[in-house]
Amino acid sequence: MSDTIEVGDAAAEPGELATGYIDGVELTTGDSIDIPVLVLNGVEDGPTALLFSTQHGKELQGTEVVHELMHRELSPESVAGAVVAIPVANPLAFMHATYRSWIDNRDVGYVSVENPAGNTTERLANAIWTEAWSEADLVLNFHCNDHPDSLYFQIIEPTEETEPDLERAAEAFGVTTIRKDDRVDQGPSPAGAGGVPTLSNKGAAEGIPELMVEFIDGRYLDETSLRVGVDGTLDVLREFDLLDGEPSEGPQDDVTLVPCKYTGGTGVNRAHGMLRNDHGGLLYPTQPTGEFVEAGEVVADVVDLHGERIEQVEMPEDGYLWAYAGAQQFATSGAMQTIESGGKVVYAFTHEDEA
Ligand SMILES: [Zn+2]
């Protein structure tokens, strides 16, 4: 028999779904901004999965995925183990529909989790780490790109320890998979590549696998993101024996896919990074996402405010695009189809065939 699980002030006995809040921070008014949490404690013992959404406050799709899973698809009778869900991980960002905390322009996923007496956003990160992330056996971290023509995809960044679990999770979720190998190559330092013990970095160092999933069209709820999120998560929970049954075979239906060895093909997709521009103006995408683009092909035009096309941004190497972004605006990336010098034109990745 499993024990009572407490996360923040939510306490679920075996066989219960409890809701509550993790203590967050106070505004100048003294009003508390706390982190909502749901705890579903299965009747049977098993691992703990954390469903984590909306670290970026304008990325809404994962919130609905969490609601659907916790209230309709899952039940304490069907789950072996526990599912803890944080539907809005940065309420400071969410309340102003900004990417980061409006109060200090920080990202709760990119600050240290080790400073309970630190700055405002560090306190939120510490609370999430202490109450939820550090206790999980598996994390699904839900994000969204802004534009409807973006690709549904997932990123895995394994360590030697988490690699087998992350490969299983990616195959079960079944959308385009992009792999980053920094942690395998360099080892899982708690401070990570950026020198900061973030949720992801410290989690990886402690052997907690994290599957990062990106939905599309983040500002408005839509049926496809809901279906992709619910179906993918249920298959991951089956793969890790929190639910009975086998995950469905192969990638998800009816979503654009760039195959790799985890989803419907061979070889590996690897992140290239952001393509940037030199001139400011309006951003005009010229390629569909998820289709092969040759090195040197134009991926976007920049048009100045007089209406002249002043720049063409080119693909630096053979590969694919996953999402057009746009200008950086008031703690929000990709808010409008405009762009400043050095802005975010488009995210690109490559496909590497295996020998
Ligand atoms: Zn995000």
Side-chain angles (χ1 to χ4, degrees), residues 35-36 50-66 85-111 113 121 124-125 128-129 132-133 139-157 170 173 175-180 192-194 196 198-201 203-204 210-222 224-226 228-229 232-233 271-275 289 321-336 343-349:
I35 302 155
L50 172 64
L51 311 182
F52 184 82
S53 184
T54 317
Q55 157 192 336
H56 298 138
K58 64 187 180 61
E59 299 178 9
L60 192 55
Q61 305 288 6
T63 306
E64 190 187 26
V65 170
V66 164
I86 296 181
V88 175
N90 189 345
L92 281 176
F94 182 78
M95 68 193 292
H96 280 210
T98 51
Y99 191 74
R100 296 183 279 270
S101 305
W102 64 273
I103 218 158
D104 57 12
N105 200 21
R106 290 189 173 93
D107 186 324
V108 77
Y110 283 84
V111 297
V113 299
T121 300
L124 288 178
I128 291 166
W129 170 259
W133 198 297
V139 177
L140 278 83
N141 184 352
F142 298 139
H143 288 251
C144 307
N145 284 290
D146 277 335
H147 294 283
D149 63 348
S150 307
L151 210 57
Y152 290 96
F153 71 100
Q154 53 194 349
I155 292 183
I156 58 171
E157 198 169 354
F173 200 98
V175 294
T176 295
T177 307
I178 294 166
R179 181 181 167 112
K180 295 182 176 175
V196 179
T198 61
L199 291 164
S200 293
N201 288 338
E210 175 199 6
L211 183 68
M212 200 188 97
V213 178
E214 291 266 3
F215 304 112
I216 69 171
D217 201 6
R219 290 173 176 238
Y220 289 85
L221 300 174
D222 90 283
T224 308
S225 285
L226 179 61
V228 166
T233 304
H272 170 89
M274 183 62 69
L275 307 192
T289 56
L321 309 174
W322 81 59
Y324 284 91
Q328 179 68 43
Q329 291 157 344
F330 196 57
T332 291
S333 68
M336 270 170 71
K344 292 177 150 188
V345 175
V346 62
Y347 294 95
F349 65 102

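Read the numbers this way: they start at 1 and go in the same order the structure lists the ligands and their atoms. Owing to the predicted nature of the structure, the values given are computational and were not obtained by experimental measurement. Residues take their numbers from the sequence shown, with the count starting at 1.
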* Asked: Would you say the side-chain atoms of T289 and Y347 include a donor-acceptor pair closer than 3.5 Å?
  -> no
* **Residues T63 and T54: side-chain donor-acceptor under 3.5 angstrom** => yes
* To do: Taking the side chain as every heavy atom from C-beta outward, state whether H56 and H143 have any atom pair closer than 4.5 Å.
  =>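 Yes, at least one pair of side-chain atoms sits under 4.5 Å.
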* Counterpart residues, salt bridge (Lys or Arg N to Asp or Glu O under 4.0 Å), relative to D104 (two or more places apart) -> R106
* Near the Zn ion (ligand 1), which protein N/O/S atoms fall under 2.8 Å? -> H56 ND1, E59 OE1, E59 OE2, H143 ND1
* Do the side chain of Q55 and the main chain of N90 share a donor and acceptor less than 3.5 angstrom apart? -> no
* Asked: Given the side-chain rings of F215 and F142, with only the six-membered ring counted for Trp, is the space between their centroids under 6.0 Å?
  -> yes
